[in-house]
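Per chain, numbering begins at 1; letters A, B, ... match sequence-line order. Worth knowing before you read on, the calculation uses all heavy atoms, side chains too, and leaves out hydrogens, waters and symmetry mates.
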Amino acid sequence: MTEQGREAEGYDFKTIQDRWLPVWDELKPFEVTDEATDRPTKYVLDMFPYPSGDLHMGHAEAFAFGDVLARYWRGQGYDVLHPIGWDSFGLPAENAAIKRGIDPRDWTYENIAQQKASFRVYAPSFDWSRVLHTSDPEYYKWNQWIFLKMYEKGLAYRKASWVNWDPVDQTVLANEQVLADGTSERSGAMVVKKKLTQWYFRITDYADRLLDDLDQLEGRWPSKVLNMQRNWIGRSRGAEVEFEIEGREERVPVFTTRPDTLHGATFMVVAPDSDLAGELVASASEEVRAAFQEYLAATQKQTEIERQSTEREKTGVFLDLFAVNPVNGERIPVWASDYVLADYGHGAIMAVPAHDQRDLDFARKFDLPVRVVVDVRDEDGVELPNPAESGVATSGDGVLVNSGELDGLGKTEAIAKAIAVLEARGAGRATTNYRLRDWLISRQRYWGTPIPILHGTGDNDGEMRPVDGTSLPVELPSTEGLDLKPKGSSPLGAATEWATVVDPETGETWNRDPDTMDTFVDSSWYFLRYFSAQDDTQAFDPAAAKKWGAIDQYVGGVEHAILHLLYSRFITKVLHDLGYVDFEEPFMDMLNQGMVLLDGAKMSKSKGNLVEFASELGEHGADALRVTLAFAGPPEDDIDWADVSVQGSAKFLARAWRIADDVERAGVAGPVDFATGDKELRRATHHLLAEAPGLVESYKFNVVVARLMEQVNVTRKAIDNGCGAADPAVRESAEAIAVILSIFAPYASEDMWAKLGHEPTVALQTWPTADESLLVEDEVTMVVQVDKKVRDRLTLPASVTEAEAEAAALASSAVQNAIGDREIVKVVVRVPKIVSIVTKPAA
RNA sequence: CCCCCUAUAGCCCAAUUGGCAGAGGCAGCUGACUUAAAAUCAGCACAGUCUGGGUUCGAGUCCCAGUGGGGGGACCA
């Protein structure tokens, strides 16, 4: 069949895709230069994909939305940077490699090739000249560069700490790889805590800025994500109070948010797994030590979840030690209990059972004294029952009692005074604590960025030195001869030749750090690399960074609400402080797309409720898929594939396409003057043009598609039963439809654009602007309500005044009938909407 | 247990931000085309906005209390 013949049958997505793909390949319409122009810029970015197999429906959705926004801003006359890359280091590749005995590179790059091919057809408007893969040495070289910069600044350091350890896979796990029940997401083994020396990034140094700068993103990021980040950082202000412990030289600091209640501290509790607890029991009696060890062992057997359950009864052991309260010299007993966490504050607390529920529960369990130091009252000013009897701690505001110099003060003043007293005595100070911990970045894995540090041997044992910047990247050794199976230490350590470095000057032998970096390091700055992805002299070009600036629009899943986004914000601030970028926040606006479900459930291969991206793409084409996703509902909402109709979208596209087809067939030659076109249709077209930009910018893509459907419907009516296809207004409408539709359906709109006699590509067309004069209505319809009921509709000139409208309403016989002999109390006129008349029975 | 989001037609969703509840679609029904069906085209019908209060001339929209659904946090001193 000839192409002509096929066209005669109407819209066929396959034909159209095949027609335009080679043209776009040739034109490369979305490649942009880094040179400054006088056009405004937008940087639109989707979170880059991990190459595990082909693209899936989740990708289809996120990339459709990102592309709508990228294409929209181009239509508004912006230079748009819209790049793509792959987050291609990570465990799945390594697991696949172990399982099949292949190189993780092969698996990774085959998947990337498959995803690239799918993307080509799906046709997001990427600038392919900037593509990056984090597993390329050309990329991870700059991970190492960033690491060394941070090492220089003291922001990368090594310490021994308790980490998540998977006893089956023999590796450290990230927090996010530990499931809610405390098992490893991969091996299913119960994760244990193990003390290991690991590399950390000092993100806690940035805690205040990471928290405070969230205020700038208010209204631009989903409030849910802002909340989650604030929660995660968890700043709490209070005081550090130093207690002496009998028989110990050093004083023990504790953190409290309520230094005002210091007089109510009746015991101290230390975390059993803290260093402090170990030190304290070292000199204790055999009996105490045995009891403590038993308790510690029991604590460590529990999962994090068990341990943090609020339902649990309090447990603990008395350490046979006493601390001295610095404000009143009182001796208080020291206990160990697992309700105190080793890694928050100082791993020890002062317990004020009257005013803290946890402390009260503990005190009641072990029969420890409870002393009220704050007189807390309810709303009616009635004193609350004594916590010792009620079992309910009073944690609110009140007047201090039994507290010496603090007596009579309210909570806020008492806190200030208590801190002043502590400072005067050298026993404490105001401090701030965070829930946020430093970022553990080392991993005992092969498929990641080698940490560019050398460890001394022999005389230099225990020394570290950074790899010289000029010898970056430290490339991964070949997998040849390497056993990637987990065995508790990094596979890289076994690559002897790679791991051993002899200093050419001194002849000393150094060993490479065998660990690789957390892959979240890779993704914490990739958006900057796009500024100059092929540049091998620097991580990114500052001039290009200046042109494009921070990402104007980020699109991705809410599952990254904490980790990726927090790490990216942190690294951006570090690079800002080092003078490499002039912005402090990387993502100015963010859209979190929902999930694609099937029959109300998350899709998964194991559940067998999978919608395959590739088969949908093959069956319905890219346009129909993209329109379906955009039309399904607000982008933040989940989409149930059972609720949508890809065929419905295809039908709409065919109807839209046929409009342009009809215009083409009408064969009107030469330029046409739209102003001579059908007035009604023009009005509809310009309403669409006026409304669409606001809708896109507020992410109401579903409404934009609905408006396009409406426009197609009215244009169809105009062609069949109105002005006819040759009318200039029909062409004007068809062009508007093509241009706006192009943000959703690049192929159909390109074909429409060609049928309307234009050169490719419609994607680079600036949107026509609405002619305001066409939007002005000559007449308005005003509703007249009498006592809430609609009694008449008045057609009035658009210029009608309130008084005229009121007069017209009262002149209506329907209105007069409704009023009858009742008395008018009030008339409210809101031009051009409504006249509301309120009556009451006549006197 | 605490916090946040959410509830509109059989289903997915709109509603100019306080002014006539319906834009669009799916499914349904009727008709045209067809030997018939599918596809296509034309048309039709369907709820008074989760419940109970309140503010207002007027509430889907604002406030309070509840219910269902979704999400987050949860011994952080």
Side-chain angles (χ1 to χ4, degrees), chain A residues 10 222-228 230-232 234-236 238-239 241 254-259 261 265 269 271 305 307-312 314 337-341 343-352 355-359 361-362 395 433-437 558 561-562 594 600 627-628 631-634 636-640 642-649 651-652 654-655 658 691 694-695 700 702-713 716-717 720-721 781-793 825-839:
Chain A
S223 53
K224 178 178 163 181
V225 176
L226 294 174
N227 269 337
M228 286 169 72
R230 290 193 176 109
N231 241 317
W232 185 266
R235 178 165 65 196
S236 75
V241 184
V254 303
F255 175 73
T256 177
T257 54
R258 295 292 302 272
T261 63
V269 187
I305 292 298
R307 184 168 169 179
Q308 295 196 348
S309 162
T310 46
E311 308 299 313
R312 227 161 40 101
K314 293 282 182 285
S337 173
D338 62 6
Y339 84 91
V340 174
L341 308 176
D343 51 1
Y344 185 78
H346 300 282
I349 61 155
M350 63 177 215
V352 184
H355 307 295
D356 183 286
Q357 191 59 47
R358 298 155 297 180
D359 296 343
D361 294 342
F362 192 85
S395 55
N433 236 308
Y434 304 89
R435 214 182 71 109
L436 181 70
R437 312 293 153 80
V558 74
I562 306 282
V627 167
T628 302
F631 184 56
E636 312 80 28
D637 289 3
D638 290 346
I639 297 171
D640 194 328
D643 291 334
V644 300
S645 166
V646 192
Q647 264 125 16
S649 304
K651 195 162 97 180
F652 156 64
R655 281 168 62 79
R658 228 174 289 125
E691 203 182 6
L695 290 170
K700 295 185 175 181
N702 53 327
V703 183
V704 181
V705 175
R707 292 287 174 268
L708 283 167
M709 290 174 168
E710 213 175 338
Q711 184 68 18
V712 167
N713 290 345
R716 180 86 263 152
K717 283 198 178 83
D720 292 346
N721 303 307
T781 302
M782 287 187 67
V783 171
V784 185
Q785 287 183 354
V786 179
D787 295 325
K788 271 187 86 170
K789 289 202 177 69
V790 178
R791 296 299 185 182
D792 201 3
R793 283 161 227 274
V825 176
K826 191 174 192 176
V827 180
V828 179
V829 185
R830 289 287 178 271
V831 176
K833 295 280 183 186
I834 199 164
V835 178
S836 180
I837 299 169
V838 188
T839 69

Contacts under 3.5 Å, N or O only, protein and nucleotides 15-17 of chain B:
| unit_1 | atom_1 | unit_2 | atom_2 | d |
| --- | --- | --- | --- | --- |
| B:rA15 | OP1 | A:K700 | NZ | 3.2 |
| B:rU16 | N3 | A:K833 | NZ | 2.6 |
| B:rU16 | O4 | A:K833 | NZ | 3.0 |

A:D643, nearest nucleotide to its side chain (from B:rA77, B:rC11, B:rC75): B:rC11
Polar atoms only, N or O, under 3.5 Å: list the protein pairs with nucleotides 40-46 of chain B and their distances.
| unit_1 | atom_1 | unit_2 | atom_2 | d |
| --- | --- | --- | --- | --- |
| B:rC41 | OP1 | A:R655 | NH1 | 3.2 |

Residue matched to B:rA42 through Watson-Crick or wobble contacts both under 3.5 angstrom: B:rU30
Side-chain donor-acceptor contact under 3.5 Å, A:N231 with A:R435: no
Base of B:rC57 paired with side chain of A:K788 (donor-acceptor, under 3.5 Å): no
Side chains of A:Y339 and A:D359, donor plus acceptor under 3.5 Å: yes
G-U wobble or Watson-Crick pairing nucleotide for B:rC1 (cut-off 3.5 Å, both distances): B:rG73
N-glycosidic conformation, B:rU61 - syn within 90 degrees of 0, else anti: anti
Nearest listed nucleotide, side chain of A:M228, among B:rG72, B:rA74, B:rG24: B:rG72
Sidechain-backbone polar pair: A:R258 side chain, A:S395 backbone, donor-acceptor under 3.5 Å: yes
Validation row: A:I834, A:Q785 side chains within 4.5 angstrom (heavy atoms): yes
Residue matched to B:rG58 through Watson-Crick or wobble contacts both under 3.5 angstrom: none
Gap between atom CG of A:D356 and atom CD1 of A:I349 - 0.5 Å precision: 6.5 Å
Anti or syn - B:rG48, cut at 90° from 0: syn
For B:rA37, the Watson-Crick or wobble counterpart (both distances under 3.5 Å): none
Distance in Å, A:E691 CD paired with A:R707 CZ, rounded so as to fall on 0.5 Å steps: 4.5 Å
Touch class at under 4.0 angstrom, heavy-atom based, for A:V828 against every strand present: base
A:S649 side-chain N/O to B:rG25 phosphate OP1/OP2 under 4.0 Å: no
Sugar-phosphate only, base, or nothing, as touched by A:N713 at under 4.0 Å among non-hydrogen atoms: sugar-phosphate
Nucleotide B:rC12, atom C1' - distance to CG of A:D638 in whole Å: 13 Å
B:rU61 and B:rA7, which share atom name P, separated by this distance in whole Å: 10 Å
Under 4.0 angstrom between A:Y344 side-chain N/O and B:rA77 OP1 or OP2: yes
A:E710, nearest nucleotide to its side chain (from B:rA77, B:rG24, B:rC57): B:rG24
Between A:T839 and A:D787: side-chain donor-acceptor atoms closer than 3.5 Å: yes
Whole-Å distance separating the CG atom of A:N702 from the P atom of B:rC12: 14 Å
Heavy-atom protein contacts under 4.0 Å, nucleotides 2-7 of chain B, coded B base, S sugar-phosphate only, - none: ------
Per A:K314 side chain, nearest of listed nucleotides B:rA77, B:rC75, B:rC57: B:rC75
Side-chain donor/acceptor contact of A:S645 with base of B:rC26 under 3.5 Å: no
5′-ward residue of the pair A:N231/A:N433 relative to RNA chain B: A:N231
Length of the CG-C1' vector between A:D640 and B:rA27, whole Å: 15 Å
Closest to side chain of A:M709, choosing from B:rC57, B:rG24, B:rC75: B:rG24
Pair partner, B:rC50 [Watson-Crick or wobble, under 3.5 Å]: B:rG66
Mate of B:rC13 where both pairing distances stay under 3.5 Å, Watson-Crick or G-U: B:rG22
